[in-house]
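Notes follow once the structure below has been shown.
Just so we're on the same page: letters track the sequence lines, and every chain starts at 1.
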Amino acid sequence: MPEGHTLHRLARSHQKMFGKAPVEVSSPQGRFEASAKLLDGLPLARAEAHGKHLFHRYGRDLVVHVHLGLYGTFTEGPVPAEPPRGQVRMRLVGATHFADLRGPTACELLTDHEVAAVRARLGADPLRRDADPEQSWARLSRSRTPLALQLMDQRIFAGVGNVYRAELLFRHGLDPMLPGTALGRERWDEMWVDLVALMRDGVRKGRIDTVRKEHTPRATGRAPRVDRHGGEVYVYRRTGQPCLVCGTSVQLTELAGRNLFWCPSCQPAAA
DNA sequence: GATCTATGTAGAT
DNA sequence: TCTACCTAGATCG
């Protein structure tokens with residue numbers, strides 16, 4: 001379930017369950033076996049996330065890099081670990097809990113240098129203290145590429161996915177196709193602050209809620225879509241349903257092979 | 001049980 | 001722009 005908040009949540013959970021104690025690392029499926037053997041029994045020094053990337057550091061030049069991609073999942077449970085079910089790429093077993101990784105796009109052992117290279121390609125992560133939104137703004141405001149595409153560009157914003165993109169544009173009343181060059185600095189500052197708050201809320205709750213109090217069902221009589229993330233959202237996957245603010249039918253457009261959800265009335269094209 | 005769909009990315013064409 | 005990856009929940013019948 002992978003937007004940035006999920007990865008930060010996993011990092012936090014792994015740090016808590018496995019941090020600073022020896023971990024049994026294995027690859028029941030076999031595809032990570034050689035690396036798992038190098039790590040097995042070492043203490044996990046630190047788990048952290050940058051955007052949608054997760055890093056488990058065991059020591060110098062011993063960093064597991066995980067990217068869940070579209071399908072990847074981590075499941076966890078108390079020890080003793082059950083027999084592996086399905087294709088478990090990596091299993092971690094600690095003193096109290098175990099975690100299974102299935103279906104990731106990436107699960108690989110990297111050197112510090114390689115980790116630095118991965119991270120150098122990533123833009124500002126709203127969930128990291130070291131995020132530099134000035135860099136994102138410099139890039140965003142220089143490009144005529146539509147905001148909807150730029151928000152999903154991990155080189156500019158690390159961790160923003162299809163849900164946060166759609167919801168952020170809606171919350172700020174922006175046409176998804178508006179060129180980056182047409183966005184004002186003040187509006188941008190508001191968006192960044194809002195994005196940080198939304199994603200932090202996502203980490204805390206483990207779900208993406210974006211609907212303001214005044215637009216909840218009690219206030220409007222219009223039921224928000226509770227997505228299978230468990231979150232209440234304005235437009236994401238609400239195609240054809242009435243906009244929670246104005247009642248207009250939510251639209252679906254395909255953009256660069258991804259579904260883009262928006263309200264044509266709340267997010268009008270600039271005249 | 002079968003089928004569809006998706007919060008993503010890399011690599012081929 | 002297309003395809004592969006190859007999980008799991010929702011939906012269909």
Distance, rounded to the nearest Å, where [X] contributes [atom1] and [N] contributes [atom2]:
{"X": "A/Leu151", "N": "B/dT7", "atom1": "CG", "atom2": "P", "value": "15 Å"}
{"X": "A/Arg237", "N": "B/dC4", "atom1": "CZ", "atom2": "C1'", "value": "12 Å"}
{"X": "A/Leu68", "N": "B/dT9", "atom1": "CG", "atom2": "P", "value": "10 Å"}
{"X": "A/Leu252", "N": "B/dA6", "atom1": "CG", "atom2": "P", "value": "8 Å"}
{"X": "A/Tyr164", "N": "B/dG8", "atom1": "OH", "atom2": "P", "value": "11 Å"}
{"X": "A/Lys52", "N": "B/dT9", "atom1": "NZ", "atom2": "P", "value": "4 Å"}
{"X": "A/Asn259", "N": "B/dC4", "atom1": "CG", "atom2": "P", "value": "16 Å"}
{"X": "A/Arg9", "N": "B/dT7", "atom1": "CZ", "atom2": "C1'", "value": "15 Å"}

Query raised in the report: Taking the six-membered ring for Trp, is the centroid-to-centroid distance between A/Tyr164 and A/His5 below 6.0 Å?
Result: yes

Query raised in the report: Can you tell if the side chain of A/Leu101 reaches within under 4.5 Å of the side chain of A/Phe32, non-hydrogen atoms only?
Result: no

Report task. Kindly express the pairing pattern of DNA chain B in dot-bracket notation, using | wherever a base pairs with another strand and counting only Watson-Crick or G-U pairs under 3.5 Å. Result -> ||||||.|||||.

Could you state the interatomic distance from [atom1] ([X]) to [atom2] ([Y]), rounded to the nearest 0.5 Å?
{"X": "A/Leu151", "Y": "A/Ser136", "atom1": "CG", "atom2": "OG", "value": "10.0 Å"}
{"X": "A/Asp100", "Y": "A/Arg89", "atom1": "CG", "atom2": "CZ", "value": "13.0 Å"}
{"X": "A/Leu7", "Y": "A/Asp125", "atom1": "CG", "atom2": "CG", "value": "9.0 Å"}

Requested in this report: Provide the full list of salt bridge (Lys or Arg N to Asp or Glu O under 4.0 Å) pairs with a residue in residues 47-68 of chain A, sequence neighbours left out, each pair given once.
Outcome: A/Arg46-A/Glu48, A/Glu48-A/Arg128, A/Arg57-A/Asp112

**Report entry** Results of side-chain contact (heavy atoms from CB on, under 4.5 Å) for A/Lys205 - residues two or more places apart only
**Finding:** A/Asp201, A/Arg207, A/Asp209

Query raised in the report: When you look at CZ of A/Arg155, are more than 12 heavy atoms from neighbouring residues, nucleotides or ligands closer to it than 6.0 Å?
Result: no

Query raised in the report: Can A/Glu167 and A/Arg237 be counted as an ion pair, charged N to O under 4.0 angstrom?
Result: no

Requested in this report: Pick the P atom in B/dA10 and in C/dA8, then give their distance to the nearest Å.
Outcome: 22 Å

**Report entry** Span that lies between the P atom of B/dT5 and that of C/dT3, in whole angstrom
**Finding:** 16 Å

Query raised in the report: Can you hop from A/Met152 to A/Ile208 via hydrophobic side chains spaced under 4.5 Å?
Result: no

Atom pairs and distances, side-chain donor-acceptor, residues 250-265 of chain A, under 3.5 Å, sequence neighbours left out:
unit_1: A/Gln251; atom_1: NE2; unit_2: A/Ser249; atom_2: O; d: 3.3
unit_1: A/Thr253; atom_1: OG1; unit_2: A/Trp262; atom_2: NE1; d: 2.9

**Report entry** Members of residues 116-131 of chain A that approach DNA chain C, where some heavy atom sits under 4.0 Å away
**Finding:** none

Can you check nucleotides 2-6 of chain C for protein contacts, nitrogen or oxygen pairs under 3.5 Å, and list what you find?
unit_1: C/dC5; atom_1: N4; unit_2: A/Tyr71; atom_2: OH; d: 3.2
unit_1: C/dC6; atom_1: OP1; unit_2: A/Arg31; atom_2: NH1; d: 2.1
unit_1: C/dC6; atom_1: OP1; unit_2: A/Arg31; atom_2: NH2; d: 3.4

